[in-house]
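Reviewing the structure listed below.
Note: hydrogens, waters and symmetry copies are ignored here, and every other heavy atom, side chains too, is used. Worth saying up front: this structure is predicted, and the values here are computed from it rather than measured.
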Amino acid sequence: MMNNNNSRLAPLSEEPTNEEDQQNRANSSKKPHSWKNWLKAHFPLLLFHKKSDLKILLSVLACPLFPVSLHPKLPVNQVSSSAQYIIQHFTAATGCRKLEGTVKNIFTTGKVSMSMVDELGGSPSLSAGANGGDAQKGCFVMWQMVPNKWLIELVVSGQKVVAGSDGNVAWRHTPWLDSHAAKGSVRPLRRALQGLDPMTISAIFSQAQYMGEKCISGIDCFVLKLSAEQADLSDRSDSTAEMIKHVIFGYFSQRSGLLVYLEDSYLTRIQSPGTYPTYWETTIATKIEDYRTVESVMIAHGGHSSVMITRFGDNLKSGLSITRMEESWSIDDFAFNVEGLSLDCFIPPKEVQKDYLEESLDWRSALHH
């Protein structure tokens with residue numbers, strides 16, 4: 001087993017983070033306590049400082065991962081017939097079935113506009129609309145090699161976030177945190193499943209649970225639900241932060257068959273030794289629209305996401321705290337099978353490779369003992 005004296009990379013956080021927490025992690029010579037500093041009482045006061053706004057927006061909205069991994073297809077007798085019908089309708093509506101076995105990669109460029117909306121509760125010095133909803137504009141480029149290799153570069157107001165997966169490990173790099181590996185199994189990039197990758201959408205939702213019908217934004221939809229497995233939630237947890245749930249609902253139009261809405265939420269229980277637990281629930285709701293034909297396949301070219309972060313717990317003197325943020329996005333260019341895209345494009349940074357290797361050796365050593 002390799003020497004563990006070197007500091008390990010902190011896990012990729014899907015929650016908002018602040019600069020002081022990141023600096024404390026960087027200066028620590030021990031394995032970082034992912035949430036300890038993040039939960040300090042003054043965090044709400046940082047929430048609407050303009051310098052911190054962009055970092056929080058990018059932490060939550062830049063490159064969130066899908067709740068579940070892309071698993072092999074289950075036997076037909078183990079899958080809901082209603083879900084199968086809905087997915088068959090979707091594949092027919094998008095025309096993606098004709099691409100099976102022919103698509104090697106996907107290339108996308110687009111624009112984003114992100115903004116803090118308001119905070120309800122938390123510090124009494126803050127009120128709704130405290131930041132005025134100032135928009136932070138930017139753009140992104142995304143490469144994907146079927147099925148589990150992807151890379152995204154997103155720049156907003158001069159700050160660049162890069163995230164990727166080589167099929168074995170997912171990672172993220174930010175200007176304030178450098179490169180960090182994700183915990184748990186590799187999952188698809190949520191942005192790719194916002195109507196941009198109908199093949200993966202059909203594959204992953206074919207395993208879903210049928211939840212009935214619901215009208216969303218005036219559209220009658222069939223609802224499919226996917227939940228992260230307990231084993232994966234455990235892999236994504238640590239000594240102070242426990243992932244309790246991560247679920248997603250896909251809303252498929254009864255009329256067009258297209259995916260028109262995604263809503264996912266994850267709940268984290270955070271407790272340091274000797275303290276009361278605090279709970280963070282983050283919900284991301286995305287309206288998917290502007291479907292256009294690209295090489296005979298229907299691809300969504302725009303949409304809008306709304307995020308609500310709710311913080312609650314017995315130890316919060318200020319009571320329930322709710323923070324809202326939004327993102328609008330549009331696609332400028334989309335292409336299948338771009339020449340020159342190779343496996344080398346998805347190699348993680350060296351520090352991520354080293355961390356992944358050390359974790360693998362630790363795991364094998366534990367099995368032998």
Side-chain angles (χ1 to χ4, degrees), residues 11-16 35 59-61 63-74 78-80 82-84 86-87 90 148 170 182-197 200-217 219 221-238 241-253 259-270 277-288 303-313 320 322-325 327:
L12 178 78
S13 171
E14 294 178 51
E15 297 282 0
W35 307 91
S59 294
V60 178
L61 281 168
C63 48
L65 303 183
F66 207 68
V68 300
S69 303
L70 181 59
H71 297 293
K73 291 186 177 181
L74 296 174
Q78 295 183 25
V79 178
S80 164
S82 296
Q84 287 292 299
I86 295 165
I87 294 305
F90 172 78
N148 281 325
K183 281 194 155 191
S185 59
V186 169
R187 293 170 281 148
L189 191 65
R190 187 187 191 277
R191 194 174 294 275
L193 273 73
Q194 294 173 181
L196 297 178
D197 185 359
T200 300
I201 292 171
S202 62
I204 206 164
F205 273 104
S206 65
Q207 318 297 312
Q209 178 184 2
Y210 174 63
M211 300 300 293
E213 304 175 13
K214 188 174 182 178
C215 184
I216 293 288
S217 301
I219 302 174
C221 298
F222 295 118
V223 185
L224 296 181
K225 175 185 177 183
L226 288 165
S227 302
E229 297 177 356
Q230 188 57 50
D232 194 43
L233 292 175
S234 297
D235 288 342
R236 290 157 57 186
S237 301
D238 59 30
E242 177 191 1
M243 291 291 295
I244 296 176
K245 72 169 184 177
H246 196 170
V247 300
I248 192 160
F249 296 90
Y251 296 81
F252 295 80
S253 169
L259 176 66
V260 295
Y261 201 79
L262 275 178
E263 183 176 37
D264 65 294
S265 65
Y266 51 95
L267 178 64
T268 307
R269 179 183 186 272
I270 302 165
T278 303
Y279 296 86
W280 291 76
E281 183 168 33
T282 302
T283 300
I284 306 177
T286 302
K287 184 179 181 181
I288 301 167
H304 182 86
S305 295
S306 298
V307 179
M308 181 175 292
I309 302 173
T310 305
R311 185 167 67 112
F312 55 96
L320 186 71
I322 300 175
T323 302
R324 295 196 300 124
M325 56 190 78
E327 178 196 77

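Here the side chains of Leu233 and His246 are in contact, with some heavy-atom distance below 4.5 Å. Glu281 places a side-chain heavy atom less than 4.5 Å from the side chain of Leu267. Between Ile216 and Val260, the closest side-chain pair of non-hydrogen atoms is not below 4.5 Å. Side-chain contact between Glu242 and Pro277 is absent, with no heavy-atom pair separated by less than 4.5 Å.
A side chain to side chain contact (heavy atoms under 4.5 Å, CB included) with Pro67 is found for one member of Asp232, Asp264, Ile204 and no other, namely Asp264. Under the side chain to side chain donor-acceptor pair (under 3.5 Å) test applied with Thr286, the options Glu263, Arg190, Arg191, Glu327 reduce to a single match, Arg190.
Closest non-hydrogen pair, Ser227 versus Val247, comes out as OG-CG1, 3.3 Å. The heavy-atom pair separating Pro64 from Leu61 by the smallest distance is CD-O, 3.4 Å. Nearest heavy atoms, Glu213 versus Val223: C-CG2, 4.3 Å. Residues Ser202 and Ile87 approach most closely at O-CG2, 3.5 Å, considering heavy atoms. Of all non-hydrogen atoms in Tyr261 and Ala285, the two that sit nearest each other are OH-CB, 3.3 Å. Heavy atoms only, all atoms of each residue included: Val60 and Met325 are closest at CB-SD, 4.0 Å.
Rounded to the nearest 0.5 Å, atoms OG (Ser82) and CD (Gln209) are 11.0 Å apart. Distance check: Thr310 OG1 to Trp280 CH2 gives 10.0 Å after rounding to the nearest 0.5 Å. Going from atom CD1 of Ile86 over to atom CG of Leu259 covers 11.5 Å, rounded to the nearest 0.5 Å. Of the inter-residue distances, the one linking Lys287 atom NZ with His304 atom NE2 reads 9.5 Å to the nearest 0.5 angstrom. Residue Lys245 holds its NZ atom at 12.5 Å from OH of Tyr266, rounded to the nearest 0.5 Å. With values rounded to the nearest 0.5 angstrom, Tyr210 atom OH is found 14.0 Å from Gln84 atom CD.
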Between Ile322 and Ile309, is a side-chain contact (heavy atoms from CB on, under 4.5 Å) present by the stated rule, with each step listed? CA-CA 6 Å; Ile322 300 175; Ile309 302 173; over 6 Å; no

Is there a side-chain contact (heavy atoms from CB on, under 4.5 Å) between Leu193 and Ile248 once you walk through the steps? CA-CA 12 Å; Leu193 273 73; Ile248 192 160; over 6 Å; no

Mind running side-chain contact (heavy atoms from CB on, under 4.5 Å) on Lys214 and Cys221 for me, showing each step along the way? CA-CA 5 Å; Lys214 188 174 182 178; Cys221 298; 5.5 Å; no

Check the pair Ile244 / Tyr279 against side-chain contact (heavy atoms from CB on, under 4.5 Å), numbers first and verdict last. CA-CA 10 Å; Ile244 296 176; Tyr279 296 86; 3.9 Å; yes

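Looking only at distances, a side-chain donor or acceptor of Ser237 sits under 3.5 Å from a matching main-chain atom of Met243. Without hydrogens or angle criteria, Arg187 side chain to Phe66 main chain gives a donor-acceptor distance under 3.5 Å.
Ring centroids of Phe252 and Phe205 are separated by less than 6.0 Å, placing the two rings close together.
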